[in-house]
Amino acid sequence: MEMPKPDPQVMAKKPQLVKRLQEVLPTDAVIHEEAETRAYECDALTAYRCPPLCAVLPSSTVEVAAVLRICHDMGVPVVPRGSGTSLAGGALPTADSVILGVARMNAVLETDYENRFIRVQTGRTNLSVTGAVEQDDFFYAPDPSSQLACAIAGNIAMNSGGAHCLKYGVTTNNLLGVTLVTMDGTVLEIGGAHLDAGGLDLLGVICGSEGQLGVVTEATLRILHKPEGARPVLMGFDSNEVAGQCVSDIIKAGVLPVAIEFMDRPCIRATEAFAGAGYPDCEALLIVEVEGSDAEIKEQLDLILEIARSHNPVELRESTSAEESAKIWLGRKSAFGAMGQINDYMCLDGTIPVSQLPYVLRRIGEMSQEYGLGVGNVFHAGDGNMHPLILFNANKPGDLERCEAFGADILRLCVEVGGCLTGEHGVGIEKRDLMVDQFAPEDMDIQMAVKDVFDPKWLLNPAKVFPLEVSRLRRAG
Amino acid sequence: MRPETEAELAAMVAGANGPLRVQGGGTRTIGAPVTGQVLDMSGLSGVVLHEPGALTLVAQAGTPVAEVEAVLADEGQRLPFEPMDHRALLGTVGTPTLGGMVAANVSGPRRVQGGACRDFLLGVRFIDGAGRVLKNGGRVMKNVTGYDLVKLMAGSWGTLGVLTEVSFKVLAIPQAEATLVARGRSDADGVAALSAALGSPFDVSGAAHLGDGAAGAARTQVRIEGLAGSVAYRVAQLQARLPGFDVVEGAESAALWQEVRDVLPFAGVPGAVWRLSVKPSDGPVLSAALKAQGLDHKAIFDWGGGLIWLLVDAAGDAGAALIRGQMATLGGHATLIRGNEALRRAVPVFQPEPAPLAALSVGLRAKFDPRGILNPGLMG
Ligand SMILES: Cc1cc2nc3c(=O)[nH]c(=O)nc-3n(C[C@H](O)[C@H](O)[C@H](O)COP(=O)(O)OP(=O)(O)OC[C@H]3O[C@@H](n4cnc5c(N)ncnc54)[C@H](O)[C@@H]3O)c2cc1C
């Protein structure tokens, strides 16, 4: 993956930069020793690393604005960072950049049950947002699997999803407002406790802009009352086609499960060996979860089970207790870990129309043979968001490159059948060079024009999302 | 001008040498009046794809909303955000189109539960002011590839581009619906009941209060939708928590919501109509404050109190200064939805933005429409 050459002029300004940053931040909030900047050299896409020029950890919007003004003034690129769990290299530094981490900004600013929102500083982790309201039976719905670690900042930047977004939507559908600091240090309040925009929907375009338009320091999030209960059912099928058809039939039927998760045979076998959840050895497995009171759950599951039975499942397992429910989820939740036991893996995130599921899974199987690399599929089937996990050996020369080529082919296939490169992880650097497969040059130009407006000098996270060649002229100017 | 293909439209926009007034069905006469040649979008019509098993629908922007709703209903599905039909309120005729609905981000009572038009919009194709054919988003339900210009296009009132094709996530029409209704509550009590319902685990899909005199005696209503057994259960649970609420079902329930969705109580009644979005509990506070300041009005509170339809005397500035003054203290936004051309010229129709935000909006318009020919001035 190519990154822009660090600008020697910027590198040379380091002492002066550090001095100016120390004037506006406490000493321990400016990290500039080489041994310490290493802590920020990568995110969860660990194949790519580069320590930044320095890292700053401001504690307030005012401090963030002060930092940005200095960097803007000195022409230093800034890479915003939440918890560094991006799988797309979104928070990867360049050697001439400042990492602006919001991890110290984790306060709850306001909780309002009457109006069903919470306002937080964006360094707060996803799970601890729910943690702040769960004693009153409320929760924040978007639930990325990384929720223990990832910050609301990164969730907003990537428009993250989760297992339950089939019913509750992704981050953008649950975000009411932000405080945004643009690269020149201007502080903007966008949205708030009310719904929808009065003018152009700037909030909508900020969410998912991967830290390229501004630094989000505070957020107003929609919270909901917890459902009375939830229960999963597990179904096994002897072909991906039949499982795919069953998914379609369920979502068509007018029951709206909160989650429909899919695992294929390689993944089922790996998780069985790892977690022993007692999954049937079959071609495809679905976990469907519904919510409500006991009676409501039964009403929905009756309908779902009737649909499932019409597809001749090899296994249908209803949960009758909290323990059984946990056991059904156990394998799914350990799937990534299980695959990681076998080998290194790369997790893809393309989305496809649900109807293309069987075809795409078959093609991935064929490509796996051609590339000689194993692949397991575990994903959110209700909305077509796939997560193929490609296994490779990082210590074997050439394996990573082969894995990346295989991954790129899978993503191109997703686009070809009417889908997209990424459903929830973002483009970052990982899918940057594949953007040309999904977008025509004008389609990228109009997106970059938005960045021109928010960040005319292209200093914020500039080497991400758009292929370097495509953004070259803008970055230079 | 009435293009029949996307390419024809692109050529027309590229070749235009003056302002264009983009028109779907011409039923939503909202915004500052635009002088310009009419660009009639009705020729770009038709459903392109409907995949019930994937909950997706793609159609050309000039397709009548009614046609789409009929296609969906055949498969037991609908547009989940319950788009308002503005004709009765605005006294317009014509056929509402998908493009107009998206351009105005039109969302009805169910917005409070499931989301707005912008939340269900998966993809757009559009022509920018330079005549370029552009696309963003797609037809799949989860997509974070590149910037989300889909949301930006929704609610941009044709000032950033002319929509040619739109894709939606659709949902099944639930088996049953029921509404809990109470009468005679004060605005504060009514909205408090809505808040209690929305803060419950019972997945309320509509929460409105029609203030005294808006449609006879004050009326507070809460909607539940879903499988029949589940609806019955949740209605009973809510009734236990909200004393004094009666229950209506089926068509009778639906009629109550159509009245709110289309703001029917203000249709044909003289006066200007404002649409305000505020923090829900601020709804009654704001209405009381305006009355105290001498702005006589009738109010319908939707979205749990957060969406307020205000009927005011159209004389003078139709309350603009007082309303905008309240917005400045409370936060939120106010749009003049119904007012004659003179009024819409005299007062800003859309909520004026603080300078740094306004600068971003101006900057975006200059990029999307460098010659300033698409509905110029409509949003102010
Ligand atoms: C094991 C694992 C499981 C995962 N599961 C999911 C999942 O289920 N669903 C899902 O969607 N994702 C998932 N992810 C991906 C990742 O957790 C999300 O993308 C998450 O939102 C990143 O948050 P973060 O705080 O770690 O952001 P970071 O990694 O620090 O940054 C991510 C992006 O956000 C930008 N950014 C950070 N802070 C700000 C700010 N204050 N202002 C503006 N931009 C900012 C960065 O520049 C970068 O581009 C998973 C990751 C891992 C490692």
Side-chain angles (χ1 to χ4, degrees), chain A residues 113-116 158-159 161 169-170 173 186 188 192-202 204-205 207-209 225-228 248 251-252 254 292-293 295-296 299-300 351-355 383-385 418-424 426-427 435 438-439 442-443 446-447 449-450 453 465, chain B residues 51-56 76 105 111 115-116 118-119 128 132 134-136 138-149 151-152 154-156 172-175 195 198-201 227 229-230 233 277-281 303 306 331-333 335 350-351 353 356-357 360-361 363-364 367 379:
Chain A
Y113 295 117
E114 189 183 3
N115 293 299
R116 302 165 300 284
M158 293 314 202
N159 188 13
V170 295
N173 312 115
T186 309
L188 302 167
H194 59 275
L195 294 174
D196 299 340
L200 295 180
D201 190 352
L202 301 179
V205 74
C207 190
S209 62
H225 195 289
K226 278 203 306 227
E228 288 180 276
S248 271
I251 59 180
K252 213 164 61 175
S293 66
E296 285 176 285
E299 188 181 24
Q300 297 173 76
T351 306
I352 56 167
V354 179
S355 50
D383 43 33
N385 190 187
C420 65
L421 299 172
T422 168
E424 58 181 14
V427 178
M435 286 285 277
Q438 184 170 334
F439 292 110
E442 314 80 77
D443 299 330
I446 196 75
Q447 295 178 38
V450 172
V453 173
V465 185
Chain B
E51 223 172 74
L55 302 178
T56 26
N105 187 29
R111 194 272 174 261
R118 53 93 92 175
D119 294 294
D128 74 359
R132 296 189 297 178
L134 302 173
K135 64 173 181 302
N136 194 263
R139 52 170 281 212
V140 287
M141 277 190 243
K142 276 171 79 184
N143 186 348
V144 296
T145 323
Y147 295 168
D148 190 348
L149 304 185
K151 305 259 179 330
L152 189 63
S156 65
I173 299 171
Q175 227 175 47
S195 170
L198 286 166
S200 77
L227 297 177
S230 163
Y233 167 78
S277 179
V278 298
K279 181 166 83 177
S281 60
W303 300 357
H333 50 87
T335 311
F350 291 85
Q351 180 75 27
E353 291 174 315
L357 280 184
L360 289 176
S361 298
L364 288 172
K367 295 286 185 192
M379 292 184 81

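Proteins come first, then strands; the chains are lettered A, B, ... in the order of their sequence lines, and each starts at number 1. Just so it is clear, the structure is predicted and the values come from calculations on it, not from any experiment.
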Check: Roughly how far apart are A:Ile446 CD1 and B:Leu364 CG, rounded to 0.5 Å?
Finding: 9.0 Å
Note to self: Just so I know, are the side chains of A:Gln447 and B:Leu149 near enough to count as touching, which here means a heavy-atom distance under 4.5 Å?
What the structure shows: yes
Note to self: Less than 4.5 Å to any heavy atom of chain A: does that hold for the side chain of B:Ile173, its backbone, both, or neither?
What the structure shows: neither
Item checked: Atom of A:Arg116, atom of B:Pro280 and distance for their closest heavy-atom approach -> NH2-CG, 4.0 Å
Next item on the list: Please state whether the side chain, the backbone, both or neither of B:Tyr233 comes within less than 4.5 Å of a heavy atom of chain A.
Entry: side chain
Next item on the list: Locate the shortest heavy-atom distance separating A:Ser248 from B:Gly53; write the atom from each residue and the value.
Entry: OG-O, 3.4 Å
Notebook entry, point to check: What distance separates B:Met379 CE from A:Leu200 CG, expressed to the nearest 0.5 Å?
Noted result: 4.5 Å
Next item on the list: Please name the pair of heavy atoms, one in B:Pro201 and one in A:Pro227, separated by the smallest distance, quoted to 0.1 Å.
Entry: CB-CA, 4.2 Å
Checklist line | Top contributor to chain A interface from B:Lys135, B:Arg139, B:Gln175, B:Arg132 [non-hydrogen pairs under 4.5 Å] | finding: B:Lys135
Next item on the list: Say whether, by atom type as modelled, one donor and one acceptor occur between the side chain of A:Thr351 and the main chain of B:Asn143 under 3.5 angstrom.
Entry: no
Next item on the list: Just give me the residue among B:Gly138, B:Ala154, B:Ser361, B:Gly331 that pairs up with chain A most often, heavy atom to heavy atom, under 4.5 Å.
Entry: B:Ser361
Check: Which distance, rounded to the nearest 0.5 Å, do you find between the CG of A:Asp196 and the NZ of B:Lys151?
Finding: 11.0 Å
Next item on the list: Tell me, out of B:Leu134, B:Asp128, B:Leu227, B:Leu152, who's got the most heavy-atom pairs with chain A below 4.5 Å.
Entry: B:Leu227
Next item on the list: Heavy-atom pairs under 4.5 Å with chain B are the metric here; pick the option from A:Val170, A:Val450, A:Leu195, A:Val427 that has the most.
Entry: A:Leu195
Checklist line | Region of A:Ala197 that comes under 4.5 Å of a non-hydrogen atom in chain B | finding: backbone
Next item on the list: Output yes when a side-chain donor or acceptor of A:Thr422 lies under 3.5 Å from a complementary backbone atom of B:Thr145, and no otherwise.
Entry: no
Item checked: Top of A:Val465, A:Asp443, A:Asn173 for chain B proximity - count of heavy-atom pairs under 4.5 angstrom -> A:Asp443
Item checked: Option that, when pairs with chain A are counted at under 4.5 Å, heavy atom only, ranks first among B:Arg118, B:Gln351, B:Glu353, B:Glu51 -> B:Arg118
Next item on the list: Quick one: pull up CD1 in A:Ile352 and NZ in B:Lys142 and give me the separation to the nearest 0.5 Å.
Entry: 13.0 Å
Item checked: Which of A:Gly199, A:Gly208, A:Ser293 touches chain B most, by non-hydrogen pairs under 4.5 Å -> A:Ser293
Next item on the list: Using atom types as modelled and distance alone, determine if a side-chain donor or acceptor of B:Ser195 lies under 3.5 Å from a backbone N or O of A:Glu114.
Entry: yes
Checklist line | Engaged part of B:Thr56 at the chain A interface, taking heavy atoms whose separation is under 4.5 Å | finding: neither
Note to self: Could you check whether B:Ser230 and A:Glu299, counting side-chain N and O atoms only, form a donor-acceptor pair closer than 3.5 Å?
What the structure shows: no
Notebook entry, point to check: Picking from A:Met158, A:Lys252, A:Met435, which has the most non-hydrogen pairs under 4.5 angstrom with chain B?
Noted result: A:Lys252
Notebook entry, point to check: From B:Met141 CE over to A:Ile251 CD1, what is the distance, rounded to the nearest 0.5 angstrom?
Noted result: 5.0 Å
Next item on the list: Under 4.5 Å heavy-atom distance to chain A, tell me which part of B:Pro174 shows up: side chain, backbone, both or neither.
Entry: neither
Check: If you count heavy-atom pairs under 4.5 Å between each of B:Asn105, B:Thr335, B:Asp148, B:Asn136 and chain A, which one has the most?
Finding: B:Asp148
Margin query: Tell me the closest heavy-atom pair linking B:Val140 and A:Cys420, and the distance in Å.
Written below: CG2-SG, 3.9 Å
Next item on the list: Sort out for me which of B:Gly146, B:Gly155, B:Ser281 touches chain A most, counting heavy-atom pairs under 4.5 Å.
Entry: B:Ser281
Next item on the list: May I ask you to name which of A:Val354, A:Leu202, A:Val453, A:Val205 has the most heavy-atom pairs under 4.5 Å with chain B?
Entry: A:Val453
